[in-house]
Amino acid sequence: MTASDFTSNRGGPDVTTDLKSMATKPGDGDADVVLETKPKTKRPPLYKVMLLNDDYTPMEFVVHVLERFFGLNHAQAFEIMLTVHKKGLAVVGVFSFEVAETKVTQVMDFARRHQHPLQCTMEKE
Ligand code: TYC
């Protein structure tokens, strides 16, 4: 993560803080330094949660995972499962860091409990 990760503002209001010194003669010092702070409206970064293909996890299990943990209906879940199967991976949702991390943990735990090698990862958008 870099400093610039927090500076993209997706077209929102400006969020800079301007320091305008209005000192005009020696000795004025800080007495008339004006700080203009605009409201900070930056939204937090978002994270893509992805499922990865493998050769062993049953298709029905992946569909179930997508319904159970990502709130997809059966048709949506089947479509995304097929995309992962054909293309190798697919984004299954975009969330805040904490929600994305929870989804990844839930899916990985569920897959491990059922002894499937299904992999779920997250990546900053
Ligand atoms: N490739 C798996 C199979 O043929 C199905 C599968 C789909 C596995 C999506 C993982 O994320 C996945 N049984």
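Predicted, not measured: the structure shown is a model, and the values here were computed from it. Residue numbers count from 1 along this sequence.
The aromatic rings of Phe110 and Phe61 sit parallel to each other, their planes meeting at less than 30°, with 60° as the upper class boundary.
A 4.5 Å side-chain heavy-atom check between Lys48 and Lys124 finds every atom pair outside the cut-off. A 4.5 Å side-chain heavy-atom check between Gln119 and Asp54 finds every atom pair outside the cut-off. The side-chain heavy atoms of Cys120 and Lys103, taken from C-beta on, include no pair separated by under 4.5 Å. Contact annotation: the side chain of Thr121 never approaches that of Val104 to less than 4.5 Å [non-hydrogen atoms, C-beta and beyond]. The shortest distance between side-chain heavy atoms of Val49 and Phe70 falls below 4.5 Å.
The distance from the OG1 atom of Thr105 to the CZ atom of Phe69 is 11.0 Å, given to the nearest 0.5 Å. Atoms CD1 and CG, on Ile80 and Leu72 in that order, are 5.0 Å from each other to the nearest 0.5 Å. One distance of note links NE2 of His64 with CE of Met81; it measures 14.0 Å at 0.5 Å rounding. The distance from the CD atom of Gln76 to the CD atom of Glu79 is 8.0 Å, given to the nearest 0.5 Å. Taking NE2 of His85 as the start and NZ of Lys87 as the end, the distance is 13.5 Å to the nearest 0.5 Å.
The number of heavy-atom neighbours closer than 6.0 Å to CZ of Phe95, taken from other residues, nucleotides and ligands shown, is above 12.
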Would Val107 and Leu51 count as a side chain to side chain contact (heavy atoms under 4.5 Å, CB included) if you check the C-alpha gap in whole Å, the side-chain angles of each, and the deciding distance to 0.1 Å?
-> CA-CA 9 Å; Val107 171; Leu51 277 188; 4.2 Å; yes

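Thr57 contributes a side-chain N or O that, together with a main-chain N or O of Leu118, makes up a donor-acceptor pair within less than 3.5 Å.
Of all the heavy atoms in Tyr47 and Ser96, the pair that sits closest is CD1-C, 4.2 Å.
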